[in-house]
Structures are given as structure tokens and as C-alpha cells.
Chemist: 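This structure is in C-alpha cells; I'll ask about it shortly.
Residue numbers start from 1 in every chain, and the chains themselves are labelled A, B, ... in the order their sequence lines are given, proteins ahead of strands. All values derive from a computational prediction rather than experimental measurement.
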Amino acid sequence: MFNEKVLSLVKQIPRGRVTTYREIARALGTKAYQAVGNALRSNPDAPFVPCHRVVKNDGCVGGYKGVKDSRVKAELLEKEGVIVTDGIIDMDKYLFSFHYPVS
DNA sequence: CGCTTGACACCGT
DNA sequence: AACGGTGCCAAGC
């Protein structure tokens, strides 16, 4: 299940860093970045899956548990050391990339 | 150049 | 099999 794969990658995100659905999808070797967001949407309650560290490719918070209003995500990131501004994260500073397979 | 909107494709259920 | 939901990309102005 993609869900499980996504969770595994998200779990690998180091604290104080953020990732994008796109990176996760690529790391999985798939282009279903949309499914990543969809999968996290139904698995944010997993204590092993800090989906709050996953943002859009633009650095905008894609939302939390399907709740776009959940500022807790931005606040949570700030607590980890990530500077979040109006829901926008400094990807240039916190964007964490997985090790892509040599394609 | 900057910003916005529309359309598309993918997965899960 | 279809629908829904999400994010990315492109084009247009």
C-alpha cells in the first residue's frame, strides 16, 4: 500500500526539516504525489508519521488531517525550529530531499 | 515579471 | 468501475 510507503519516508524526515509530497512520491519511485497527500490525509493520526513535516512543493502547508485551518501544523513546525510564515515554509532552508534512486 | 485560474493525473475507498 | 480528494504543471493576462 502506498500509504505505508509514504509513512515510512515521512518517518525518516529529520526534525527541523520539511519535505514535499513531490519529493516523497519521487523517492517512492512513483509520480502519484497526489496520492501522497491523499494518503497522509487519512493517516495523520499515526504518531510515527509526522505528516506536519510534509508541505507542498511551493512550501505552502498543504493542510493537516484534511483541515486546511489547522495552524497547528505551522506551529508545530516552528516548534521544531522551522520558520513558518503565513503557512509558508522556507524550503530553501528546510526543504529536505530524500536520496533518489539513480534513474 | 508576477500572479491567478484551469485542467490533468494518480491513488484510495 | 466510478467518484472523490489532493497536488503539480501550464497557460493566460
Chemist: For the pair made of CG in A/Asp58 and P in C/dG7, what is the distance, rounded to whole Å?
Modeler: 10 Å
Chemist: Could you state the interatomic distance from CZ (A/Phe98) to CD1 (A/Ile24), rounded to the nearest 0.5 Å?
Modeler: 5.0 Å
Chemist: Please identify each residue that fulfils side chain to side chain contact (heavy atoms under 4.5 Å, CB included) with A/Ser70, with sequence neighbours left out.
Modeler: A/Tyr64, A/Val67, A/Val72
Chemist: Remaining members of A/Met91's ILVMFWY cluster at a side-chain heavy-atom cut-off under 4.5 Å?
Modeler: A/Leu95
Chemist: In whole Å, I'd like the distance from the CG atom of A/Leu40 to the P atom of C/dT6.
Modeler: 13 Å
Chemist: Does A/Lys73 use its side chain to pair, donor to acceptor, with the backbone of A/Val54 at less than 3.5 Å?
Modeler: yes
Chemist: With a 3.5 Å cut-off and sequence neighbours excluded, list the donor-acceptor pairs that the side chains of residues 9-17 of chain A form with protein atoms.
Modeler:
residue	atom	partner	partner atom	Å
A/Gln12	NE2	A/Ser8	O	2.9
A/Arg15	NH1	A/Glu80	O	3.1
A/Arg15	NH2	A/Glu80	O	3.3

Chemist: Taking atom P of C/dG4 as reference, at what distance in whole Å does atom CZ of A/Arg41 sit?
Modeler: 14 Å
Chemist: When you look at A/Thr20 and A/Tyr33, which way does the side chain to side chain contact (heavy atoms under 4.5 Å, CB included) test go after all the steps?
Modeler: CA-CA 9 Å; A/Thr20 73; A/Tyr33 28 80; over 6 Å; no
Chemist: What does the B/S/- profile of nucleotides 3-13 of chain B look like, 5' to 3', with a 4.0 Å heavy-atom cutoff to protein?
Modeler: ------BBBSS
Chemist: Compare all side-chain heavy atoms of A/Leu40 with those of A/Leu7 and state whether any distance is below 4.5 angstrom.
Modeler: yes
Chemist: Just the rounded figure in Å: distance from P of C/dT6 to OH of A/Tyr64.
Modeler: 16 Å
Chemist: If you restrict it to nitrogen or oxygen atoms, what contacts under 3.5 Å exist between nucleotides 10-13 of chain C and the protein, and what is each distance?
Modeler:
none

Chemist: Going by the rule side chain to side chain contact (heavy atoms under 4.5 Å, CB included), which residues pair with A/Ile83 if we only count those two or more places apart in sequence or in a different chain?
Modeler: A/Thr85, A/Tyr94
